[in-house]
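Let me begin by presenting the structure, written as structure tokens, before commenting on it.
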Amino acid sequence: MTPERKSGFALWALAWGATGAALAVARLAGLLHDAAAASAAHLAGALALLWLLYGVVLACREHGPRLKLIVFILVAAAYAAAPLLGWGGLRGLGLKLALILPLALALEKRLPLKEPDRTEPVDTPIKALKRIMTRNRFIIRRLAWTVPILWVIATLTFFFMRVAPGGPFDEERNPPPEVRAAVEAKYNLDAPLYMQYWLWLNDTVRGDLGPSFFYQGRTVAEVLRQGLPATLALGLTSLGLALVFGITSGLVSAYRQNTWLDYSFMSVAVLGISVPTFVIGPLLMLVFAIKLGWLPVSGWGELRHLVLPALALAAPYSAYIARLTRAGVLDVIRQDFITTARAKGLPESRVVLVHTLKGGILPVVSYLGPAVSGVLTGSLVIERIFNVPGIGSYFVNSALNRDYNMVLGTTLIYSSFLIVMNLIVDVAYTYLDPRVRFS
Amino acid sequence: MQMHPHASKTRTRARAALIGLLALGLIGCGGRDPDPGHERGPKKGGVLTISNGAEPRTVDPGKVTDSVGFIIAYSLFEGLLIERPEDLSIQPGIAESWEVSDDGLVYTFRLRQSAWSDGRPLTAEDFLWSWLRVLDPVNECEYAYQLYYIKNAEPYYRREITDPDLVGITVVDPHTLQVVLERPTPFFPSLAAFTTYLPVPRHAVEAHGDRWTQPGNIVVNGPFAMTSWRINMHVAVEPNPRYWDRDSVRLDKIVFLASDDHVTSLKKYEEGETDWVRTVPLAYVEQMMDRDDFHISPFFSTYYYRFNVTRPPLDDVRVRKALNKAVDKTRIVRHVTRAGERATSGFVPPGIPGYQGADGLDHDPAGARKLLAEAGYPEGRGFPPLELKYNTSDAHKAIAEAIQEMWRNELDIRVQLVNVEWKTLLADRSAMNYQIMRSGWIGDYMDPNTFLDMFVTGGGNNHTGWTDPEYDALIEQAARTQDPERRFELFRRAEQILVEEAVPILPLYIYVNKNMLNPRVGGVGFNLKSHHLMKYAYIKD
């Protein structure tokens, strides 16, 4: 295999592994029950495991036989742990992953991180693999941190929720003491707190997010599963719109710097950043739904319901992205390599869209992390105004209703999403700017 | 740096074309309603879209507790009796007739032939099972206490007795149900129409447990059957072909929309996307006031402040009376709430036929100052600072600020306003961790008892620490009295103690319901209980 083919294969394997891990997480959250999806998750997870092992083997290849023996024993123990504990299927796989990942990290620490040598042509398979290993080590380390971070977040949330005054079953009309006692027994709320925590932890790891206290007769997983598609659709559309509008107007402003076009775009941008979404939303509703009647006031189910909420949510982000793009592009277009590209006879569109943009959107890429979190939390205001049946409202209402299981479920979802998004952003950054190193 | 002029023109044109295309694409179709026009007769069919308010927590009639859920539960299920929305009169439901024994203790209901929506016959056995289900605390039915009027229901609920046969519900035959009460209860027919008394399908509940109300599992006996329920979107119902009175049902479909945002709901109504909005935000009331489709109706509920009478200075009745007398309630309803609420100094809202409540204390600032001086705080000197707690809401804040100002002007005392979140307020209330607290109460049935028995010593909804043996005795005696006039006399005396003599509370006003209803909708009446039966609703031609 040529080096390029090998690196391609490695990337493919990693992508498979990441998908498998994502499917596994989704399965754990009760979002997937399809047997086929579960098998796919299993297969992908196994591939991820194989890739990790390969990395482990490579890493200890340069060390002495004693280390190799230790590594072998540890890997064998990891494989033996699952059947010994009686854990099968995805849980067993997860256990293996959890045991081998730290091993991979520990070994990575012992191996000095060499800078990939770009001035020489890549002519050995090992060199190519090492370059990929550097990036992948970084990804693996970040992924390995995900589980402990989520665990800390969930634990803190669990205990803080209980500290707040009032409980899920306090109502205007006090339920009779018999009802309170029966209900608390049913949901284990009368057990000591550490016991409740242990029960909750066990259930969550098994994928059971528990019943909702507020929506009687429904489970948290069911409620979130019904609401997540709407929030994701709204969030992704808004981000997409924000990127399209923002980058376009930023690019135009930079190339038409100090003209009326530049000034008007940037003024609109300032407005977009300053005016809050709960003002922009109703304003859009007033103009397009009420005065002009082009679009429905609120609701969900058809494409036309998506337009106003997505625009309202995208507004501040597109404004910010426009300003960032403009600054980034202005930085780049004065550089020599742009003049060189033009002198080489490249068409202007290629100069702009490929070379300038690639450097110019660097600030945008690093902004994307906070942008995603903003879009997800801003969506709860927009969802409320436009009656979008997403999970945004649960984030606030479940806390106000003291619906403990729902709070934890939404917190876990948001946190996982943010962690993964931030990782993707960091990795994308390194693809765009070869000067950036992993650390 | 100069760009190629030709390239820039092309790009500008392309961009303009793109924007033009986008704009074209945004033109969807917006629906507009034709003008309401003249009077029309009822017609078969039509879809009624209602902005119902928040997402219903449940539609299980034994567990439903809020107006959002009531309207849906009453569409899906029907009990022995029904209350007609126009006048709250009692009509036959599943029971085609009923008899009361002379001592008022035994009710015999004769059920008509009817069936569940899956074809299974509905019998008296279903009612027995449903009521016993409510009386099992593990089922979390908050309104189980509505069944306490039935003999031995309360001891059975509290697990003091365990034999269900001892509870006063008997199935004489599949179409005859006999109910024995603890004591004569003149408003029992009204109770029998309440959601807690509605039947639930045993076979569905046992098969699906808590999930029996999901579409696909749910089995109903009422005018409508559930076709879909999407969380935070809507509950949709269509006529139930097996309903015994199928021919009276005129609508093709009802959609109950869920929304937390009242302003959006109002805008949807104005654009013709919904036919009925069940609440109007305070800020819009004034501009809607003169419209024909805006309906204000008094609601059987009272807005009041509670005093914690266990802590000084509120343990002195003169202080409480002074606080009462210093508040000008008419000004509050006229200038603060402004939706036509009715100021009150009594506690039981008007509307119970034959009941004349107590008047309460008048607005009398001079008298208030005198009382405060008698209590040892002439001109407010030495009066310790008070705390007034209310839960988050613009309306509560506005009212509290007005009253704070009145107390400062008339009595020269300082009161601090504390805004707490709802659950925290409830927790403070249970722990008696407050001095003055904003409160509200909705009556469950048309009888003074539902308001007055709250404040008996140790009552579960008392939360004031107030206790008065004379008051307790009056309530107890009224419960045992059969003669309606004598009962009302006893209640009147009790209310007098509550709002004129001991005043552990500060009544402010009677709530109103604000609805906007498209004139093309008929058969929807706005009554004191905000009770709606969709079986009577229709769309005019």
Side-chain angles (χ1 to χ4, degrees), chain A residues 164-179 181-183 185-186 211 214-218 222-223 226-227 248 252 255 282 285-286 288-290 292-301 304 307 333-334 339 347-349 384-390 393 397 400-402, chain B residues 1 3-4 7-8 11 15 26-32 55 57-58 60 63 65 136-145 157-159 209-214 230-233 257-261 263-265 267-268 270-271 273 421-428 430 440-441 460-461 463:
Chain A
F169 304 110
D170 286 336
E171 305 284 341
E172 170 78 60
R173 287 154 194 275
N174 259 342
E178 291 79 12
V179 171
V183 160
K186 181 171 160 188
F214 189 71
Y215 297 107
Q216 298 168 354
R218 295 197 186 263
E222 172 192 355
V223 173
Q226 283 201 31
T248 314
V252 169
Y255 269 100
M285 192 195 282
L286 183 69
F288 290 104
I290 297 173
L292 293 172
W294 289 350
L295 292 163
V297 170
S298 71
W300 196 252
R304 59 200 183 109
V307 176
I333 59 179
R334 305 191 197 293
T339 322
E348 190 64 21
S349 57
R384 193 195 148 105
I385 295 174
F386 288 99
N387 291 341
V388 176
S393 64
N397 286 343
L400 293 178
N401 291 326
R402 308 294 193 273
Chain B
M1 195 179 295
M3 302 233 336
H4 200 279
S8 74
R11 204 176 27 250
R15 211 171 296 131
L26 282 178
I27 295 174
C29 45
R32 296 265 180 200
E55 164 74 10
R57 294 184 59 182
T58 179
D60 181 333
K63 301 189 187 185
T65 56
D136 187 351
V138 87
N139 291 319
E140 301 175 59
C141 299
E142 268 181 60
Y143 273 1
Y145 65 84
Y157 185 74
R158 294 191 191 278
R159 302 255 167 93
D210 271 345
R211 308 187 57 72
W212 76 272
T213 51
Q214 304 303 319
R230 293 198 49 193
I231 306 179
N232 274 334
M233 265 187 77
L257 295 176
S259 165
D260 279 326
D261 193 305
V263 176
T264 303
S265 304
K267 295 297 168 198
K268 276 178 89 80
E270 292 193 303
E271 288 304 299
E273 292 174 25
E421 174 252 332
W422 177 234
K423 291 280 186 178
T424 312
L425 190 82
L426 292 177
D428 284 341
S430 306
W441 188 256
N461 291 300
H463 300 299

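Just so we're on the same page: letters track the sequence lines, and every chain starts at 1.
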Bottom line for Tyr157(B): the part with an atom under 4.5 Å from chain A's heavy atoms is both
What residue in Pro165(A), Gly227(A), Ala164(A) has the most heavy-atom pairs under 4.5 Å with chain B? Pro165(A)
Proximity breakdown for Trp212(B) and chain A, heavy-atom pairs closer than 4.5 Å: neither
Winner by heavy-atom pair count (cut-off under 4.5 Å) against chain A, out of Asp428(B), Asn461(B), Ile231(B), Asn139(B): Ile231(B)
Shortest non-hydrogen contact from Gly299(A) toward Lys268(B): N-NZ, 4.2 Å
Heavy-atom side-chain proximity of Lys63(B) to Asp210(B) below 4.5 angstrom: yes
Spacing of CZ belonging to Phe214(A) relative to CD belonging to Glu55(B), to within rounding of 0.5 Å: 9.0 Å
Shortest non-hydrogen separation from Glu271(B) to Ala289(A) and the atoms involved: OE1-O, 3.2 Å
Chain A contact via Thr65(B) - side chain, backbone, both or neither, heavy atoms under 4.5 Å: neither
Does any donor atom in the side chain of Asp60(B) or Thr213(B) lie under 3.5 Å from an acceptor atom in the other side chain? no
Between Asn387(A) and Asp260(B), what is the shortest heavy-atom contact and its length? OD1-N, 4.4 Å
Go through the atoms of Pro211(A) and report whether side chain, backbone, both or neither lie under 4.5 Å from a heavy atom of chain B. neither
Contacts of Thr58(B) that satisfy side-chain hydrogen bond (donor to acceptor under 3.5 Å, both in side chains) - sequence neighbours left out: none
Region of Glu421(B) that comes under 4.5 Å of a non-hydrogen atom in chain A: side chain
Using a cut-off of under 4.5 Å on heavy-atom pairs, state which of Met285(A), Glu222(A), Arg218(A), Lys186(A) scores highest against chain B. Arg218(A)
Among Gln214(B), Arg159(B), Arg230(B), the residue with the most heavy-atom pairs under 4.5 Å to chain A is Gln214(B)
Chain A: which of His463(B), Arg158(B), Lys267(B) shares the most heavy-atom pairs with it under 4.5 Å? Arg158(B)
